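Below is one structure; the comments refer to it alone.
All values reported here derive from a predicted model rather than from experimental measurement.
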Amino acid sequence: QVLLVESGGGLVQAGGSLRLSCAASGDISSINAINFMGWYRQAPGKQRELVAHITSGDSTNYADFVKGRFTISRANAKNTVYLQMSSLKPEDTAVYYCAAHTVLPGTTRAYWGQGTQVTVSS
């Protein structure tokens, strides 16, 4: 089992910055089985969408709408991931969710955090 806890959301003016953090905890075998972690977001009335993800080998992938503005990174301990958000726009307003994907013999699982609200005012 993996527990994900996000922090760092809040209210910011357009053009500002925020950094989100996501800490993963749980049993050692599950933590070591994380092969990627990512950030998703869901705005009111819209579907949840991928923002960025980072693999255990530090490969990253970004949605087109955040390229050049957001940066995903992770701590050396592997179980913490960050999303540095800059040049924020009102359309970035959403609940941001951390996700982790584990691969163990015979099974794969996805875990989600509880979400953190990001509100960008114009």
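- Between Val51 and Met85 there is no side-chain heavy-atom pair separated by less than 4.5 Å.
- Among Val2, Leu104, Thr102, the one residue that satisfies the side chain to side chain contact (heavy atoms under 4.5 Å, CB included) test with Arg109 is Thr102.
- Transitive grouping of hydrophobic side chains (ILVMFWY, heavy atoms separated by less than 4.5 Å) brings Phe65 and Phe70 into a common cluster.
- Separation of atoms OG (Ser25) and CG (Leu4) is listed at 8.0 Å; rounding is to 0.5 Å.
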Show the numbers, then the answer: is there a salt bridge (Lys or Arg N to Asp or Glu O under 4.0 Å) between Lys67 and Asp64?
-> CA-CA 5 Å; Lys67 284 181 179 177; Asp64 287 343; 3.1 Å; yes
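- No donor-acceptor pair closer than 3.5 Å links the side chain of Thr108 to the backbone N or O of Val103.
- When all heavy atoms are compared, the tightest approach of Leu50 to Ala63 is O-CB, 3.4 Å.
- Once rounded to the nearest 0.5 Å, the distance linking CD of Gln47 with CD of Gln42 reads 8.5 Å.
- Within the 4.5 Å cutoff, the side chain of Val95 has no heavy atoms near those of the Tyr40 side chain.
- Between atom CZ of residue Arg19 and atom OG of residue Ser86 there is a gap of 11.5 Å, rounded to the nearest 0.5 Å.
- How far CG of Asn32 is from OG of Ser56: 10.5 Å, rounded to the nearest 0.5 Å.
- Contact annotation: the side chain of Val81 approaches that of Trp39 to within less than 4.5 Å [non-hydrogen atoms, C-beta and beyond].
- Every pair passing side-chain hydrogen bond (donor to acceptor under 3.5 Å, both in side chains) that includes a residue from residues 1-11 is listed here, sequence neighbours excluded: Glu6-Gln114.
- Checked by atom type and distance alone, the side chain of Tyr62 pairs as donor or acceptor with a backbone atom of Ile72 at under 3.5 Å.
- Between His101 and His53, the closest side-chain pair of non-hydrogen atoms is not below 4.5 Å.
- Ring-plane geometry between Tyr97 and Trp112 is classed as perpendicular, the angle between the planes exceeding 60 degrees on a 0 to 90 degree scale with a lower cut at 30.
- Using a 4.5 Å heavy-atom cutoff, the side chains of Arg74 and Asn79 are not in contact.
- Considering only heavy atoms from C-beta on, Asp92 comes within 4.5 Å of Arg69 through its side chain.
- In this structure, the side chains of Phe36 and Asn61 stay at 4.5 Å or more apart for every pair of heavy atoms.
- Interatomic distance, OG of Ser122 versus NZ of Lys89, reported as 14.0 Å (0.5 Å rounding).
- Summarising the geometry, atom OG1 belonging to Thr55 is positioned 12.5 Å from atom CE belonging to Met37; distances are rounded to the nearest 0.5 Å.
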